[in-house]
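Below is one structure, written out as C-alpha cells; the observations come after it.
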Number of protein chains: 2
Amino acid sequence: MQVYAALRDAIVRAELAPGQKLSENELAGQLGVSRTPVREAIARLREDRLVEVVPQLGTFVARISTQAVADAQFIREALECAAIRRAAERCGEDDVNALEENLRAQERARDASDFDAFYVLDDAFHQTLCNLSGHPTVWSISQRAKGHLNRVRRLSLPIGDYLTSMVDEHRAVTAAVARHDADEAELALRYHLRMVLREVPRIRSQHPDFFDEA
Amino acid sequence: MQVYAALRDAIVRAELAPGQKLSENELAGQLGVSRTPVREAIARLREDRLVEVVPQLGTFVARISTQAVADAQFIREALECAAIRRAAERCGEDDVNALEENLRAQERARDASDFDAFYVLDDAFHQTLCNLSGHPTVWSISQRAKGHLNRVRRLSLPIGDYLTSMVDEHRAVTAAVARHDADEAELALRYHLRMVLREVPRIRSQHPDFFDEA
DNA sequence: GCCGCGATACTTGTATGCAAGTATCCGAGC
DNA sequence: GCTCGGATACTTGCATACAAGTATCGCGGC
C-alpha cells in the first residue's frame with residue numbers, strides 16, 4: 001500500500017519518466033521489500049492506467065495519453081459536479097466555515113507561492129466538497145482519475161497568477177454552495193475544473209516524447 | 001483475472017452469502033490455482049468494497065451496505081447521465097441502429113422471460129451508450145460500481161412486468177438520443193436508473209441478515 | 001459447575017523459488 | 001561486410017515456504 005503511494009507519487013511527479021521501463025526486482029531492491037508488495041502496487045497502478053505491463057516482457061510507465069487525460073477530466077467533472085449539487089443542498093453553517101477556513105489557508109499559500117502546500121489544500125478542498133454530498137466514495141474515484149490530470153499539471157510550471165485565479169475560483173464555488181445555489185455551484189466548479197485542461201496542448205508541445213499519440 | 005470475475009460473479013449472485021468467511025487457501029483449492037492469483041482477485045474485490053479483509057484474521061464477503069448501494073447509485077447516475085448527454089450530441093445513424101437492434105433482442109428476451117439473456121443485453125445497452133460518449137473508461141467504472149446494485153437486484157425476484165417496463169424505459173432513452181435531445185435523454189436515463197433503488201427497502205426487509213446497518 | 005489460561009489451528013502478509021517466454025548479443029557462415 | 005542462428009540474461013506469472021498474529025478449544029484449578 002505504501003509502495004503503491006510511493007510509486008504513484010513518483011509517476012505523477014514525473015520522477016519516473018513516461019515510457020521508462022520498471023523492473024519489479026529493481027523496485028523491490030530500491031524500496032527494501034520483496035517483489036510481492038511491488039507486484040500488488042503495480043496491479044493497482046495498472047488499473048489506474050498509470051503503468052502498462054506486457055507479459056513476459058516488462059512493465060512501463062504509461063505515456064501520457066490525451067485520451068486518458070480527457071477521460072479523467074470527464075469522469076472527474078461528472079462526479080464532482082454531481083456531488084456539489086448535493087453539497088449545495090445539504091451543507092450547513094459549519095461546513096461553510098470549514099471551507100472558508102481552507103480558503104484562508106489557500107490565500108496564505110498563494111501569498112507565499114508555496115505550491116506544494118497549495119496542492120494539499122486544493123485536494124482537501126475538493127474532498128470536503130465531495131464528502132458534503134454524502135457519498136465519500138466519490139472522492140476516492142475522482143482522486144484516482146485525477147492522477148492523469150496532475151501528471152500534466154506537474155509538467156507545466158504554473159504561470160504567474162495561477163494560484164490567484166485558482167483561489168478566486170474556489171471562492172466563487174464556495175459562495176454558491178453557501179447560498180445553496182446548486183446550479184451556480186455546478187457552473188462555477190465546471191469552469192474551475194476545466195482550467196487544467198487548457199494547458200494540455202502547450203505542455204504537449206513542450207514534452208512531445210512524454211505523450212502517446214502522434 | 002478470471003479468478004476475479006468468478007469470485008465477483010459468485011458474490012453478486014449471492015452464491016457467496018454476505019458475511020461469509022472466505023479462506024484464500026480454500027478458494028485456491030476450489031479454483032485449482034495457488035493463493036497468489038486468489039489474493040490478487042481479493043485485492044480488487046476489496047477496492048470494489050465487495051469483500052472486507054481483516055489482517056491476520058480473515059476476509060469476509062461484505063454485507064450489503066445501504067451506504068455503499070447509495071454511493072454506487074450516485075456514481076453510476078452521475079457518470080452515465082453525463083455520458084448520455086455526449087452520446088446524444090455525438091451519435092450517428094449507425095449508432096442508433098445498433099441500439100435499436102439491441103432493443104429488439106431485449107424484446108425477445110422479455111417475451112421469453114429469459115432474465116439472464118436480458119441482463120447481458122442490458123449491460124451491452126448501457127455500455128454502448130457510455131462508449132458513445134467517447135469515454136469508454138466511464139463504462140468500466142460504472143460497471144464496477146454497479147456490482148452493489150446488481151447484488152440487491154439479484155436478491156429480488158423480479159415481478160411480473162419488470163422486463164416490460166425496463167424495455168420501455170430503454171426505448172424512451174434511445175428515442176431521445178436519436179433525437180439528439182440531451183436534456184430529455186438525461187431525464188429518461190435518470191428515471192430508468194432509479195428503478196432499481198426503489199426495491200431496496202423491500203429486499204432489505206426480506207433479507208435483513210444480508211444487510212449491514214440496523 | 002465455572003472461570004481462567006495455554007496450546008493449537010487457523011488467518012493474512014511477505015519472501016523466495018520455479019516455469020515459461022521474449023529480446024538481445026555474440027559468433028559462425030556466406 | 002552482412003545475415004542468420006543459438007545461447008544468455010532478463011522479464012512477468014505462478015506456486016510454495018516462512019513469519020506474525022488472532023480466535024478457539026480444551027484442560028487445570030477453584
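This one's a predicted model, so the numbers in the text were calculated from it and none came from an experiment. Lettering follows sequence order; numbering is per chain, from 1.
Partners of B/Arg171 according to the salt bridge (Lys or Arg N to Asp or Glu O under 4.0 Å) rule, which considers only residues two or more places apart in sequence or in another chain, are B/Glu107. B/Arg144 pairs by the salt bridge (Lys or Arg N to Asp or Glu O under 4.0 Å) definition with A/Glu47, B/Glu47, B/Asp48, not counting sequence neighbours. Residues meeting the salt bridge (Lys or Arg N to Asp or Glu O under 4.0 Å) test with B/Asp111, sequence neighbours left out: none.
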Contacts table for residues 87-99 of chain A: side-chain donor-acceptor under 3.5 angstrom, sequence neighbours left out:
| from | atom 1 | to | atom 2 | distance (Å) |
| --- | --- | --- | --- | --- |
| A/Arg90 | NE | A/Leu132 | O | 2.9 |
| A/Asp95 | OD2 | A/Gly92 | N | 2.8 |
| A/Asn97 | ND2 | A/Glu93 | O | 3.4 |

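Computed from coordinates, the A/Gln2 CD to C/dG13 P distance equals 15 Å when rounded to whole Å. With rounding to whole Å, B/Leu31 atom CG is found 13 Å from D/dC14 atom P.
Evaluation of the ring pair (Phe, Tyr, Trp, His ring centres under 6.0 Å) test over residues 24-78 of chain B, restricted to residues two or more places apart or in two chains, returns A/His135-B/Phe74.
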Taking only N/O atoms, report every protein-nucleotides 11-13 of chain D pair under 3.5 Å with atom names and distance.
| from | atom 1 | to | atom 2 | distance (Å) |
| --- | --- | --- | --- | --- |
| D/dT11 | OP1 | A/Ser23 | OG | 2.8 |
| D/dT12 | OP1 | A/Leu22 | O | 3.3 |
| D/dT12 | O2 | A/Gln56 | OE1 | 2.6 |
| D/dG13 | OP2 | A/Arg39 | NH1 | 2.8 |
| D/dG13 | OP2 | A/Arg39 | NH2 | 3.1 |
| D/dG13 | N7 | A/Arg35 | NH2 | 3.1 |
| D/dG13 | O6 | A/Arg35 | NH1 | 3.2 |

